[in-house]
Engineer: 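Just passing along the structure, written as structure tokens.
Labels below follow one simple rule: chain letters A, B, ... track the order of the sequence lines, proteins then strands, and each chain is numbered from 1. Nothing here was measured: the structure is a model prediction, and the numbers come from that model.
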There are 2 protein chains.
Amino acid sequence: MRDMAATAQTSAPAAEPQPGLRERKKIKTRIAIREATYRLIERQGYDATTIEQIAEAAEVSPSTVFRYFPTKEDIVLTDEYDPLLEQELRERPADEPWFDSLRHVLRKAVGIDTSEDPEVSRLRTRLMVEVPAVRSRMMESMSVTGRLLSRAIAERSGRDPDSLEVRVFAMSLIGGLMETSLYWAETGQGDDLADLVERAVNVMEHGLVPRNPEDRGAPA
Amino acid sequence: MRDMAATAQTSAPAAEPQPGLRERKKIKTRIAIREATYRLIERQGYDATTIEQIAEAAEVSPSTVFRYFPTKEDIVLTDEYDPLLEQELRERPADEPWFDSLRHVLRKAVGIDTSEDPEVSRLRTRLMVEVPAVRSRMMESMSVTGRLLSRAIAERSGRDPDSLEVRVFAMSLIGGLMETSLYWAETGQGDDLADLVERAVNVMEHGLVPRNPEDRGAPA
DNA sequence: CCATGAAATGAGAGTAACTCTCAAAAGATG
DNA sequence: CATCTTTTGAGAGTTACTCTCATTTCATGG
């Protein structure tokens with residue numbers, strides 16, 4: 001299980017209007033592998049699906065599969081919301097309270113995720129609770145998102161993004177969000193994810209509000 | 001290395017004063033594997049150390065290594081502070097504010113970890129930042145600790161430990177603590193871990209306090 | 001349209017972490 | 001000591017992943 005950057009980078013300068021045949025083929029291959037994988041997993045489960053089968057179904061060689069995705073888990077995950085998140089976050093007014101910005105951005109992200117390809121999204125979260133390796137990989141990628149949050153928070157508050165405080169704050173948010181996804185998946189994905197996220201953000205903003213008003217602000 | 005009560009449980013009634021030769025041998029084997037692993041990793045690094053080498057150094061067969069530890073990562077980690085944590089937490093006065101209890105318990109845990117076997121503790125956290133697989137495994141085990149926190153919080157506050165709110169709260173704490181360990185390891189383990197934990201808990205209790213008092217309580 | 005260079009692919013061999021099975025060894029027990 | 005149970009070792013098998021190298025496929029300039 002090596003790491004590696006998730007997205008492949010070409011050395012050529014970026015935005016080409018006509019990406020050229022090569023690039024187009026690469027994208028198609030990538031998609032073909034992904035879709036073949038989803039199909040096979042849906043039919044036989046994650047563990048029972050081998051790279052060889054995926055390669056065959058996608059009509060490429062096993063070597064090629066590994067060229068496109070460093071690990072089997074990465075075929076399933078890796079949808080890279082991070083750039084989107086970062087952009088959205090940067091577009092929020094700078095004086096907006098942090099948690100409000102967070103709410104907005106998350107609402108948008110959830111909206112995209114659940115509307116764009118609901119079945120894949122469901123399968124993915126299901127795998128997240130069922131397959132430890134997938135969950136692990138997910139956590140890893142979440143911690144990358146954590147760094148992103150650190151940067152955003154630092155930018156707004158004029159702090160050092162590498163300071164313990166900022167990092168802890170960011171990762172505690174990530175922890176809470178991760179758990180929200182897990183909760184959603186574990187409870188059968190019946191709830192509206194957006195609502196759950198809302199509730200989660202509330203908890204992270206205000207802590208566990210006591211049930212009896214006369215209790216202290218502390219959760220216990 | 002006091003571990004011992006890790007996973008495998010015999011069907012026989014528990015506490016035997018003289019555990020019998022068999023049990024004693026098992027403990028010794030477990031320790032032998034662990035120590036051999038630490039030795040080898042320190043000398044050659046994690047990836048370069050194979051199970052075969054570990055088996056040879058511990059004078060057992062590779063099969064036996066896998067019988068004692070499900071994965072290579074588990075040989076390095078798995079020190080099971082959870083029972084200790086849970087007990088300590090339960091022993092705090094029930095009306096103590098939650099974050100104070102947390103502080104106490106963490107201070108104790110950190111104390112034990114850094115004093116008991118400093119070199120192993122250092123190696124472990126180093127591996128945590130260097131080896132993705134180890135970090136992943138660590139995160140997994142942290143999420144188990146999260147469930148433990150959920151239970152403790154629920155017990156105190158009279159909530160449902162499986163509610164979204166409690167779970168999110170607990171896992172955001174775990175996220176912050178995880179990041180604290182990582183920070184400590186990444187910055188060369190020079191800081192006093194207890195201090196870092198203290199600062200981290202403060203952040204999680206009060207949020208990122210603004211630098212200018214006239215700012216709102218929100219972090220940004 | 002063809003020659004040359006660069007990038008992507010496929011084939012194959014290799015590694016190492018696990019899994020399973022079964023027979024031998026060692027501790028427990030009466 | 002005899003028997004039963006648990007632990008171990010040996011070995012074969014699976015599979016994700018790595019590396020290398022020859023071949024194919026696209027890009028480009030003449």
Engineer: Whole-Å distance between C/dA16 P and B/L40 CG?
Structural biologist: 14 Å
Engineer: Would you indicate which nucleotide in D/dC17, D/dA27, C/dT9 comes nearest to any side-chain atom of A/Y68?
Structural biologist: C/dT9
Engineer: Just the rounded figure in Å: distance from C1' of D/dT25 to CD of A/E23.
Structural biologist: 14 Å
Engineer: What nucleotide, of C/dT9, C/dG10, D/dA16, holds the atom closest to the side chain of A/V60?
Structural biologist: C/dG10
Engineer: Taking the side chain of B/F66 as heavy atoms from C-beta outward, which of D/dA16, C/dT19, D/dT8 is closest to it?
Structural biologist: C/dT19
Engineer: Determine: side-chain N/O of B/K25 to OP1/OP2 of C/dG27, distance under 4.0 Å, yes or no.
Structural biologist: yes
Engineer: Looking across every strand, which nucleic acid part, if any, lies under 4.0 Å from B/S63 by heavy atom: base, sugar-phosphate, or nothing?
Structural biologist: base
Engineer: Could you please name the option among D/dT7, D/dG9, D/dT15 that lies closest to any side-chain atom of B/T64?
Structural biologist: D/dG9
Engineer: Rounded off to whole Å, could you give me the CD1-to-P distance for the B/I41 and C/dA17 pair?
Structural biologist: 11 Å
Engineer: The side chain of B/R67 is closest to which nucleotide in this list: D/dT20, D/dA27, D/dT8?
Structural biologist: D/dT8
Engineer: Atom CG of A/L21 to atom C1' of C/dT9: distance rounded to whole Å?
Structural biologist: 14 Å
Engineer: What is the distance, to the nearest angstrom, from the CZ atom on B/R30 to the P atom on D/dT8?
Structural biologist: 12 Å
Engineer: For the CD atom on A/E186, are there more than 12 heavy atoms of other groups (residues, nucleotides or ligands in this structure) within a distance under 6.0 Å?
Structural biologist: yes
Engineer: Tell me the closest heavy-atom pair linking B/R103 and B/V201, and the distance in Å.
Structural biologist: NH1-CG1, 3.5 Å
Engineer: Using a cut-off of less than 4.0 Å, is there contact between a side-chain N or O of B/K72 and OP1 or OP2 of C/dC18?
Structural biologist: no
Engineer: Does the distance from a Lys or Arg side-chain N to an Asp or Glu carboxylate O, for B/R135 and B/E130, drop under 4.0 Å?
Structural biologist: no
Engineer: Can you check whether A/K26 has a side-chain N or O nearer than 4.0 Å to OP1 or OP2 of C/dA8?
Structural biologist: yes
Engineer: Assign each of A/E52 and B/T29 to its nearest nucleotide of DNA chain D by heavy atoms, then name whichever residue's nucleotide is nearer the 5' end.
Structural biologist: B/T29
Engineer: On the ring face of A/Y46, is A/K72 found with NZ or CZ under 6.0 Å from the centre and within 45° of the axis?
Structural biologist: yes
Engineer: Roughly how many Å is it from CZ in B/R24 to C1' in C/dA26, rounded to a whole number?
Structural biologist: 14 Å
Engineer: Let me know the distance between CD1 of A/I75 and C1' of D/dT15, rounded to the nearest Å.
Structural biologist: 13 Å
Engineer: Give a yes or no on whether a salt bridge exists between B/R199 and A/E165, defined as a side-chain N under 4.0 angstrom from a carboxylate O.
Structural biologist: yes
Engineer: Measure from the side chain of B/R22, starting at C-beta and using heavy atoms only, and say which of C/dC18, D/dC26, D/dT7 lies closest.
Structural biologist: D/dT7
Engineer: Just the rounded figure in Å: distance from P of D/dG9 to CD of B/E59.
Structural biologist: 10 Å
